[in-house]
Amino acid sequence: MYRDIRTVRSRGCYACLVSQQIKIQLPDGSVREVPHGTTPLDIANSISPRLAAAVVVARVRPLNTAAPKETADDEAKAEQTEEAMYSGHDPAGERLVDLSAPLNEDVALELLKESDPAALRVVRHSAAHVMATAILELFPETKLGHGPATDNGYFYDVYREVPFTEADLAAIEERMAQVVARDEKFQRVEEPREEGLKDYEKSGEFMKVHFIERFTKPGDTISLYRNGDFTDFCRGPHVPSTGRVKAFKVTSIAGAYWLGDEKNQQLQRIYGTAFFSQKDLDAHFKYLEEIKARDHRVLGKQLDLFSIQEVAGAGLIFWHPKGGLIRKVMEDWMRDECIRRGYQMVFTPHIMRRELWQISGHEGYYSENMYPPMELDDAEYRLKPMNCPGHILIYKSTPKSYRDLPQRYAELGNVYRYERSGTMHGLLRVRGFTQDDAHIFCTPEQITGEIEDCLDFAEAVLKTFGFSEYRVELSLRDPKKGNEFVGDAADWEKAESVLRDVLTKRGVSFRAIPGEGAFYGPKIDVKLVDVLGRLWQLSTVQFDFNLPKRFELEYVGEDGERHQPVMVHRALFGSVERFFGVLIEHYAGAFPFWLAPVQVGLVPISEKHHDYAVNVKSRLEAAGIRVELDSSNQKMNAKIRDFGLQKVPFILVMGDKESATDSVSVRVRGKGDQGSQTVDTFVSHAKQLVSEHSMEL
Ligand SMILES: [Zn+2]
Ligand SMILES: [Zn+2]
């Protein structure tokens, strides 16, 4: 496949005809002068052999350039694209290189050890090479596609007529262990593009041919990586040798069409993961188990919270009594809080004339997500995908002066959006949902205060429902693509600076993302972090320069002139369904007392304590506590177990002693038996937990 191998190392020396020194700047700021062609590994060795053994890969940046502000997220995103894997990258920028790559210019050098997330991605991608090596040793007829690192591991797309079985995957994993034990060096070799193409064409590697043709140009040199007898077209970098892929697992397999086209060959995508240690790998699988145990679809069924019914259609949610109760508590809190914060609650129709959607522009840019028109006798109607036009019609129904502003309309509005079949996922991705939507119409002078209030409200939602951590993103316009955004540049700049200033003033750290703004205005997105550290996009606060113009909204200013109000869309739960799904997973179904559908389970020890239990039940209910009495013939322990499985926060057991002393024996979820207390004491404690929206239980 490759002849006349010239390693990069030797190329570096040939290229450097005059013996020349280069400058290497280390992270501590010190600068070393070393011969042209020195490798990062040479430098690691010169510092200490221990460091040389610990480093995985190097990051370099030409000395005359500034450090980029790229985050780890961007780096991760970039690496998954095919282009990033194969095409030559910008040599002027920061990049990862093999430890054996000769350095031939002045650079800032970082030696990445195992603790660096970028190093982990390099290990995972190297594991993909190890897997491909194993696959070809066992199934030499297999053709290789693309094998990148992912957020949780790696995959390799392969083509083979016969599908791989579970047993094949186990054999591949076993063979990988041998490849690792052989500790083969990953060697970079370069050859003329045309030579590589010829070889790959000859051996029928249609995917490699495609990648070379697509991502390199005639006359280019391409890079191949070799370990043992295996060679792969790749830009690198990799760990120094297969032995550095210490802990790995082949996890699953899925089908995919070549280039995503169902007319093409059916590929098999084999997934795996790799870590720096067995301990990390074990922890990862424990984490996956934990995610599985918290799956809201499973818990939703187990706790009888909601269902999705085949006969009614995919992506449409049925809230069962217990789920419905939690929803009522969530919505009550939200409505009360809206009113307390100066919002007015409104309701708008689910279907509205097509003409309205034409005025709003949804017919054009949002049509794909809307259900098709319904022809009625007077006109065509469409289901609403958003509440905004409805709220705008309310605003427009009477003339407004600056004294009427701000107007804040809030609605728990049901919207319907078409999601492609197969993309639905429990409560998280649905076709019909309820937005806790609000639209604020205000004067330009009021906007800063309104945005502050929105953020304050968003934080209150997170805190009340038990999330302490969140991330904030500020999505802006890409000034280079001005024509893709509605509204003039000055409006955008003003809106963007309002959002930025409010975040800064509140001391919220945020990530600004140019180009990610909606076409109609900049926005703030809040992503909460759940108990497993997962991020969920929920709250959003968005400016809109588009709809006020389209609907010709106005108010009469202090100057007696007509002005266009500023419009803000905001949703805090985002979707009530989705937020509920996140709550189920965050709490693993063990909801805090104030949210729990059944707050207290009553267990009379025997039939003769039944009347006393009924008495306790009515007293708790009178105090607004949600109670369930198990008056079946089951044994006490069975009743306690049943309530436990339903994750009921308190179980009160009542026998002779309790009924004689007007008390209950209290069992607390997760803590067990807490002894007896009087009914009155229990009631006042329970009421306090509710009124404080306590997270104590
Ligand atoms: Zn590679
Ligand atoms: Zn809206």
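Because the structure is a prediction, the values reported are computed rather than measured. We count ligands from 1, going down the list as the structure has it; atoms in each ligand are counted the same way.
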Inset, instruction - Establish, yes or no, whether a centroid distance under 6.0 Å links the rings of Phe206 and Tyr159. - result: yes

Inset, instruction - Answer yes or no on whether Arg570 is positioned over the face of Phe457, meaning its NZ or CZ is under 6.0 Å from the six-membered ring centre and within 45° of the axis. - result: yes

Inset, instruction - Under the side-chain contact (heavy atoms from CB on, under 4.5 Å) rule, collect the residues that match up with Gln564, sequence neighbours excluded. - result: Pro548, Lys549

Legend entry - Ring center gap for Trp492 and Phe545 short of 6.0 angstrom: yes

Inset, instruction - Report yes or no: is the cationic atom of Arg124 (NZ for Lys, CZ for Arg) under 6.0 Å from the centre of the six-membered ring of Phe275, at an angle within 45° of the ring normal? - result: yes

Inset, instruction - Please check if any side-chain donor atom of Lys384 sits under 3.5 Å from a side-chain acceptor atom of Thr348, or the reverse. - result: yes

Inset, instruction - State the atom name: nearest N, O or S atom of His125 to the Zn ion (ligand 1). - result: NE2

Legend entry - His238: its N/O/S atom lying closest to the Zn ion (ligand 1) (atom name): NE2

Inset, instruction - Run the salt-bridge test on Arg188 and Glu190 with the 4.0 Å N-O cut-off and return the result as yes or no. - result: yes

Legend entry - Protein N, O or S within less than 2.8 Å of the Zn ion (ligand 2), waters excluded: Cys388 SG, His439 NE2, His569 ND1

